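These notes concern the structure reproduced below.
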Amino acid sequence: MNSDIRVRFAPSPTGYLHVGGLRTALYNYLFARAQGGVFVLRIEDTDRTRLVEGAVENLLRTLSWAGLECDEGPAQGGPFGPYVQSERLELYAAHIQTLLADGKAYRCFCTTERLAELKKAQAAEKRPPMYDRRCRTIPVEEAERRAHEGEACTVRMKVPLLGEVVFTDEIRGEVRVSASVIDDQVLLKSDGYPTYHLANVVDDHLMRISHVIRGEEWLPSTPKHLLLYDFFGWTPPRFAHLPLLLNADRSKLSKRQGDVAVEDFRAKGYLRDALVNFVALLGWNTSDNREMFTLPELVAAFSLARVGKAGAVFDHDKLDWFNAQYLRALPADALAALCTPHLEAAGVDVGDRARTDAVLAAVLSHLTVPADVVEAARIFFEAMPLAEEGEAREALAAPGARVVLESFARLAGDVSPWTRDAVKECIKAVQKDAGVKGKELFMPIRAALTGRAHGPELPVIAELLGRDVCLERILAALR
RNA sequence: GGCGCGUUCGUCUAGCGGCCAGGACGUGGCCCUCUCAAGGCCGAAACACGGGUUCGAUUCCCGUACGCGCUACCA
């Protein structure tokens with residue numbers, strides 16, 4: 001165990017886990033495990049206007065479902081807790097005092113209204129929207145007096161007017177930003193809560209985070225964070241900014257363009273191994289064409305060096321393919337555990353476990369998610385209306401259909417036991433008897449038995465249905 | 001508008017100066033086959049553009065274009 005390596009996943013509790021968040025969490029987890037380091041979960045709930053009831057619990061549950069167990073976090077605690085930012089307010093306040101005392105930050109009394117006007121004016125003049133630093137020159141004594149008298153204020157960082165911030169991103173290499181374009185960012189809001197910028201720096205330092213692995217949307221604010229580390233006299237962690245996950249139109253992956261919540265995929269029946277495997281490959285690969293990985297295999301193979309730079313479109317088709325692959329690799333009992341609830345919900349009696357397993361095996365290649373089993377397996381549990389599919393109706397209306405069915409009904413009586421092989425033989429006998437083969441032979445029987453023109457192999461269907469049901473449906477079709 | 005990041009098949013990607021530019025999803029065809037699905041085989045499909053550097057650029061450098069992100073008392 002290399003406890004010097006410490007990473008964190010720091011989501012804000014919005015109510016659900018975004019798949020982009022899942023990937024960020026996954027890479028952090030993989031990096032930590034691969035390095036023998038520590039994976040920390042920290043809740044960033046400093047925006048009290050966006051509190052969502054039960055969000056943290058849901059986040060914990062979803063992360064755990066995905067198999068991403070953390071070493072330190074709100075559930076299990078740890079040596080650097082608490083791990084929820086709203087419980088760390090005194091810490092931020094103390095650090096703000098330090099900054100204020102050192103002249104690295106200043107109180108700002110500008111109202112939201114003035115700020116809005118300023119922004120509007122700047123936009124009208126096509127000037128970059130930055131705080132004009134009006135309060136930066138207020139004498140400290142005056143500022144303190146006004147604050148103590150109860151005047152609402154925020155605290156802003158005093159960004160150097162000159163110079164440049166340069167750092168090396170683990171994924172992108174050297175990034176340089178001129179200090180002149182860095183805003184005097186608010187660090188402490190007027191409600192006493194810190195902004196992300198302050199809280200994340202203070203916490204990452206206090207929690208001894210060695211590598212900050214986060215989404216690329218944070219790249220532009222990293223210089224501010226670096227400045228803060230400098231203000232505090234701290235050694236900053238290393239940064240790795242992950243490429244974004246994209247919608248099909250290449251904009252940042254968002255709701256309104258399909259599911260983005262891990263919970264949604266879970267609810268739809270996507271297997272966690274399939275989702276994790278798929279998401280892991282969005283921005284990372286092993287250069288050897290391999291793409292099937294279990295979580296432990298990902299840990300063994302992962303390295304930050306092989307994370308790409310460009311955004312990756314979330315391709316639902318490929319996710320479906322992964323899920324189908326994982327579904328087919330499942331042992332029979334696991335498959336049954338996943339599928340039978342859907343069958344039961346659809347009113348199917350799954351009491352005969354052996355038969356249910358056989359049905360599942362017969363339709364497995366038609367499934368993308370477990371819920372598909374209901375539609376795929378209906379023919380085994382209920383008589384389908386013969387007119388449902390035009391193709392099936394045509395097969396029954398074909399010239400030789402009647403002869404085939406009558407022959408089948410007659411010969412089926414001699415079949416014993418009623419197994420798929422025996423049925424196969426029986427169909428051969430019908431072929432001879434009725435004098436038709438191929439499509440003309442199979443389709444009428446298939447249509448009569450299932451009401452459909454498509455499905456698993458006919459002998460398999462017949463075996464699963466049992467002789468009585470088969471005869472029943474054949475007779476019904478003849479009427 | 002400013003700043004930053006990015007750019008190989010439709011999509012995910014391999015490639016780290018010399019390759020017929022490889023794989024996967026999707027897609028087209030064929031095979032298997034009573035049908036569909038699965039599976040197997042085959043195919044179409046990409047280096048954004050322009051300059052350099054070099055004997056030689058997908059690869060290195062610089063521009064341009066395009067895309068995306070950020071630009072809140074949200075994270």
Side-chain angles (χ1 to χ4, degrees), chain A residues 10-14 44-47 49-50 108 110-112 115-116 119 122-123 125-131 152-156 169 171-173 175-178 180-183 185-197 199-200 214-223 241 243-244 246 248-252 278 281-292 306 308-322 324 328 363-368 376 391-392 395 427 437-447 450 452-459:
Chain A
S12 72
T14 56
E44 311 228 324
D45 59 345
T46 54
D47 184 356
T49 67
R50 299 208 302 185
C108 172
C110 293
T111 61
T112 317
L115 260 18
K119 198 175 190 176
Q122 287 165 330
E125 294 167 41
K126 300 219 167 193
R127 302 289 312 158
M130 278 175 76
Y131 177 55
C153 70
T154 62
V155 175
R156 289 180 182 271
D169 185 88
I171 292 170
R172 283 148 220 288
V175 176
R176 354 177 39 110
V177 176
S178 167
S180 63
V181 301
I182 302 176
D183 207 355
Q185 184 67 50
V186 168
L187 299 177
L188 193 70
K189 306 180 220 178
S190 56
D191 65 0
Y193 279 70
T195 59
Y196 170 84
H197 306 286
N200 114 85
R214 75 222 306 193
E216 192 188 356
E217 68 264 35
W218 295 112
L219 193 55
S221 49
T222 303
H241 288 94
L244 260 22
L246 276 21
D249 67 359
R250 304 202 74 85
S251 57
K252 184 169 154 184
F278 170 64
L281 260 14
L282 257 24
W284 170 87
N285 68 78
T286 49
S287 88
D288 59 358
N289 287 336
R290 179 175 175 193
E291 51 185 3
M292 298 304 289
R306 290 208 59 84
K309 301 185 204 312
V313 172
F314 191 93
D315 181 1
H316 289 260
D317 283 342
K318 188 137 192 190
L319 203 214
D320 281 349
W321 177 80
F322 267 109
R328 284 181 225 139
V363 302
L364 182 56
S365 69
H366 292 259
L367 311 183
T368 296
E391 270 186 87
I427 293 174
K437 58 178 180 174
K439 212 166 179 148
E440 284 82 55
L441 170 65
F442 282 83
M443 287 313 275
I445 303 176
R446 172 179 293 282
T450 69
R452 293 178 176 180
H454 310 298
E457 289 175 21
L458 200 43

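Order of the sequence lines fixes the chain letters, A, B, ..., with proteins taken first and strands second; residue numbering starts at 1 for each chain. None of these values were measured; they are calculated from a predicted model.
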- Could you grab the distance from atom OG1 of A/Thr222 to atom NE2 of A/His197, nearest 0.5 Å is fine? 10.0 Å

- Message: With heavy-atom distances below 4.5 Å as the criterion, would you say the side chains of A/Tyr193 and A/Asp47 are in contact?
- Response: no

- Note on the structure: A/Leu458 atom CG is separated from B/U35 atom P, nearest whole Å, by 12 Å

- Query: Touch check for A/Val363, heavy atoms < 4.0 angstrom, all strands: base, sugar-phosphate only, or nothing?
  - Reply: nothing

- Does A/Arg290 have any salt bridge (Lys or Arg N to Asp or Glu O under 4.0 Å) partners at least two apart in sequence or in another chain, and if so, which? A/Glu297

- Task: Provide, to the nearest angstrom, the distance between the NE2 atom belonging to A/His241 and the P atom belonging to B/C3.
- Result: 20 Å

- Nearest-Å distance, NZ (A/Lys309) to C1' (B/G15)? 14 Å

- Query: Taking atom P in both B/G63 and B/C3, what distance in whole Å separates the two?
  - Reply: 13 Å

- Query: In whole Å, what separates the C1' atom of B/C31 from that of B/A38?
  - Reply: 14 Å

- Note on the structure: Rounded to whole Å, the CG-P distance (A/Leu282 to B/C25) equals 16 Å

- Message: Return the pairing partner of B/U64 with a 3.5 Å limit on both distances, Watson-Crick or G-U wobble; otherwise return none.
- Response: B/A48

- Query: Given the P atoms of B/G50 and B/G6, what is the spacing between them in whole Å?
  - Reply: 22 Å

- With sequence neighbours left out, the residues meeting salt bridge (Lys or Arg N to Asp or Glu O under 4.0 Å) with A/Lys318 are A/Glu291

- Task: Kindly write out the residues that satisfy side chain to side chain donor-acceptor pair (under 3.5 Å) with A/Ser190, not counting sequence neighbours, or none if the list is empty.
- Result: none

- Item | Partners meeting salt bridge (Lys or Arg N to Asp or Glu O under 4.0 Å) with A/Asp183 (sequence neighbours left out) | none

- Message: Could you tell me if the side chain of A/Arg214 sits less than 4.5 Å from the side chain of A/His241, heavy atoms only?
- Response: yes

- Task: Would you indicate what A/Gly283 reaches in the nucleic acid, counting non-hydrogen atoms under 4.0 angstrom: base, sugar-phosphate, or nothing?
- Result: sugar-phosphate

- Item | Partners passing side chain to side chain donor-acceptor pair (under 3.5 Å) against A/Thr14 (at least two apart in sequence or in another chain) | none

- Query: Within this structure, what is the CZ-to-C1' distance between A/Phe278 and B/G26, rounded to whole angstrom?
  - Reply: 12 Å

- Query: Between atom NZ in A/Lys437 and atom P in B/U33, what is the gap in whole Å?
  - Reply: 13 Å

Could you run down the sub-3.5 Å N/O contacts of the protein with nucleotides 36-38 of chain B?
from, atom 1, to, atom 2, distance (Å)
B/C36, O4', A/His454, ND1, 3.1
B/C36, O2, A/His366, NE2, 3.0
B/C36, O2, A/Gly455, O, 3.4
B/C36, N3, A/Gly455, O, 3.2
B/A37, O2', A/Ser365, O, 2.2
B/A37, N3, A/Ser365, OG, 2.6
B/A38, O3', A/Arg328, NH1, 3.1

- Query: Distance between the C1' atoms of B/U58 and B/C47, in whole angstroms?
  - Reply: 5 Å

- Item | Interatomic distance where CZ belongs to A/Arg452 and C1' belongs to B/C34 [whole Å] | 17 Å

- Using the C1' atom on both, measure B/G10 against B/U27 and round to a whole Å. 9 Å

- Task: For the residue pair A/Phe322 and A/Met292, establish whether any side-chain heavy-atom pair is separated by less than 4.5 Å.
- Result: yes

- Residues which pass ring-ring contact (aromatic ring centres under 6.0 Å, His included) with A/Phe278, listed by chain and number, not counting sequence neighbours: A/Phe314

- Say you pick atom P in B/U7 and the same atom in B/C62; how far apart are they, in whole Å? 14 Å

- Task: Go through B/A14, B/C5, B/G2 for me and flag the one nearest to the A/Val181 side chain.
- Result: B/G2

- Message: Base contacts versus sugar-phosphate-only contacts with protein, heavy atoms under 4.0 Å: please encode nucleotides 67-75 of chain B as B, S and - from 5' to 3'.
- Response: -SBSSSBBB

- Task: State which of B/C34, B/G4, B/U7 makes the closest approach to the side chain of A/Val177.
- Result: B/G4

- Residue matched to B/G69 through Watson-Crick or wobble contacts both under 3.5 angstrom: B/C3

- Item | Given RNA chain B, 5'-ward residue of the pair A/Leu281 and A/Glu391, judged by closest heavy atom | A/Leu281

- G-U wobble or Watson-Crick pairing nucleotide for B/G43 (cut-off 3.5 Å, both distances): B/U27

- Under 5.5 Å between ring centres and under 30° between planes: true for A/Phe442 and the base of B/C34? yes

- Integer angstrom distance from the C1' of B/G43 to that of B/C36: 24 Å

- Query: Roughly how many Å is it from CZ in A/Arg127 to P in B/G2, rounded to a whole number?
  - Reply: 10 Å

- B/U53 pairs with which nucleotide, Watson-Crick or G-U wobble, both distances below 3.5 Å? none

- Query: Base, sugar-phosphate, or nothing for A/Arg306, non-hydrogen atoms under 4.0 angstrom?
  - Reply: sugar-phosphate

- For A/Pro129 and A/Gln122, the nearest pair of non-hydrogen atoms, with its separation, is CA-OE1, 3.3 Å

- Message: Distance check, P atoms only: B/A48 and B/G40, in whole angstrom units.
- Response: 32 Å

- Message: A/Glu216: which residues meet the side chain to side chain donor-acceptor pair (under 3.5 Å) condition with it, sequence neighbours left out?
- Response: none

- Set of side chain to side chain donor-acceptor pair (under 3.5 Å) partners for A/Asp320, sequence neighbours left out: A/Tyr270

- Query: Can you list the residues that meet the salt bridge (Lys or Arg N to Asp or Glu O under 4.0 Å) rule with A/Glu44, with sequence neighbours excluded?
  - Reply: A/Arg42

Please enumerate all protein N or O atoms sitting under 3.5 Å from an N or O of nucleotides 19-23 of chain B, with distances to 0.1 Å.
from, atom 1, to, atom 2, distance (Å)
B/G22, N2, A/Asn289, OD1, 3.3
B/G23, O4', A/Asn289, ND2, 3.4

- Task: Looking only at side-chain atoms of A/Trp321, point me to the closest of B/G26, B/G4, B/C12.
- Result: B/G26

